[in-house]
Amino acid sequence: MQSGAVPVLGEPGEAEFELPAATSADVFPSDFTWGASTSAYQVEGAAAADGRLPSIWDTFSHTPGAILNGDNGDVACDHYHRWREDVALLAQLGTGAYRFSVSWPRILPNGTGPVNAKGLDWYERLVDGLLECGIQPWLTLYHWDLPQPLEDAGGWPNRATADAFVRFAEVVASRLGDRIHTWMTLNEPWCSAFLGYQLGMHAPGRRDDALALRAAHTLLLAHGRATQALRGIVTGARVGIVLNPTPVQPATPTEADAAAARRADGYFNRWFLDPLFGRGYPADMLEAVAPLFTPPSDSDLRSIGTHIDVLGINYYRPTVVRAKPGAYLGFEEAPPDAEPVTAMDWVVRPEGLRELLVRINHDYPVPPMAITENGAAYTDAAPTDGQLHDPERIRYLAGHVDAVAQAISAGVPVTGYFVWSFLDNFEWAWGYGSRFGLVHVDYATQQRTIKDSGRWYQRLIAQQTA
Ligand code: FCB
């Protein structure tokens with residue numbers, strides 16, 4: 001760990017360290033939350049420590065061909081053992097909040113059944129360590145690591161998984177409820193359902209349209225019921241969900257592409273936002289998936305529409321689609337056009353974030369929103385002399401912070417911004433090759449090095465909280 005001395009920032013005036021104009025214009029209120037995010041499977045490692053059993057991601061990442069370079073999360077950033085050093089780094093960056101997730105298979109190794117006290121003890125130590133440093137813990141219950149036995153019993157398409165999730169929420173809330181104010185039930189249920197059960201790109205690697213729709217429904221039901229359970233245990237809890245909505249544009253102004261964009265918007269966005277805000281599933285989409293999905297009961301829809309106190313938005317890029325007759329819902333993503341892309345070929349378009357926030361605020365009765373993830377993978381060079389220059393990441397982040405400022409100025413209630421990610425980590429199917437961190441991790445030595453982007457973020461937070 002660094003000695004605790006504040007690291008040397010880039011000189012003001014150095015172009016790459018410039019802060020977005022909006023940050024000097026009093027747009028962000030003084031109680032705005034500046035944070036950084038991770039998730040359990042991506043950083044913790046210690047896959048078999050202290051009673052933890054496999055999740056679907058342990059199984060999937062050990063499946064030949066599933067992950068780039070055959071990587072897996074067995075060790076990851078070894079955050080499980082290095083959390084003290086990592087909390088000190090978060091404090092050094094000046095983050096006011098740390099968004100992390102709880103590994104379900106550490107707490108309930110079989111998904112149901114006996115509670116593993118050692119797992120709960122570890123999260124309690126982490127949370128206490130954060131609070132001692134004045135960092136607010138933002139806890140996500142589910143960031144994709146379903147205990148494998150629950151998958152063996154049918155996974156998210158099985159309604160019983162919602163019951164198991166509610167119990168998991170209750171167990172965690174009973175232990176940490178006196179210390180955690182902000183609770184997120186699920187991270188990006190679109191990914192869990194459709195990348196996991198329809199496209200086979202994420203765990204559990206299934207490819208079945210109907211199963212994916214059922215998975216999405218069980219996830220939403222689990223969210224609504226867990227929200228109620230959390231409120232019953234934690235007085236004054238602020239409870240929400242994290243989505244990954246995307247602004248969808250047609251590739252061309254043709255009628256066919258416009259219709260494709262409308263369906264893509266239904267698939268990515270409205271399928272989740274409409275029922276969460278009490279409207280049930282969108283009628284045009286129910287019609288489009290009619291042979292595959294039976295509309296659920298009103299009682300399920302009432303649970304899903306349970307009031308939330310905060311909506312987490314993860315934004316990385318916009319989506320451009322074009323018509324593709326015969327494809328599921330009749331569309332496909334168009335390849336990136338002339339705009340800049342990240343190392344993962346994700347289009348960089350900060351205005352997409354502003355448009356998305358304005359649109360969601362216009363179309364839905366939203367509670368305060370927080371940008372719970374935003375960031376970019378670039379091919380960073382290895383650090384030299386304790387420094388790593390990543391000007392592209394700084395530009396990406398600055399552009400998006402500006403976009404948030406513009407949304408706030410347009411009247412959208414955004415109260416927090418979290419960079420993805422605090423640390424370089426296991427980027428799911430992309431393995432360790434895609435680095436998103438403010439802090440570089442040398443996976444051979446587990447050495448951490450604050451990147452220029454981390455120093456830039458430190459300066460931004462210092463300026464905003466002065
Ligand atoms: C999001 C995930 C997060 C991370 C980023 C890059 O979809 O929530 O875990 O992988 O993408």
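None of these values were measured; they are calculated from a predicted model. One-based numbering, in listed order, for ligands and for the atoms of each.
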- Task: Over all heavy atoms of both residues, which pair between V234 and G177 is shortest? Give the atoms and the distance, please.
- Result: CG1-O, 3.3 Å
- Heavy-atom closest pair (A49 atom, Y80 atom, distance to 0.1 Å) is CB-CE2, 3.9 Å
- Message: Please check if the number of heavy atoms outside R167 that lie under 6.0 Å from its CZ is greater than 12.
- Response: yes
- Message: Here's a test for you: under ring pair (Phe, Tyr, Trp, His ring centres under 6.0 Å), which of Y41, F60, W190, W144 qualifies with H202?
- Response: W144
- Chain-and-number sorted residues having a heavy-atom contact under 4.0 Å with ligand 1 are Q42, H143, W144, N187, E188, N314, Y316, E373, W420, E427, W428, F436
- D402/R354 ion pair, N-O < 4.0 Å: no
Residues 266-277, side-chain donor-acceptor partners within the protein, below 3.5 Å, at least two apart:
| unit_1 | atom_1 | unit_2 | atom_2 | d |
| --- | --- | --- | --- | --- |
| Y267 | OH | Q198 | OE1 | 2.5 |
| N269 | OD1 | T246 | N | 2.9 |
| N269 | ND2 | T246 | O | 2.8 |
| N269 | ND2 | D265 | OD1 | 2.6 |
| R270 | NE | D265 | OD2 | 3.0 |
| R270 | NH1 | D284 | OD1 | 2.9 |
| R270 | NH1 | D284 | OD2 | 3.3 |
| R270 | NH2 | R262 | O | 2.9 |
| R270 | NH2 | D284 | OD2 | 3.0 |
| D274 | OD1 | Y364 | OH | 2.5 |

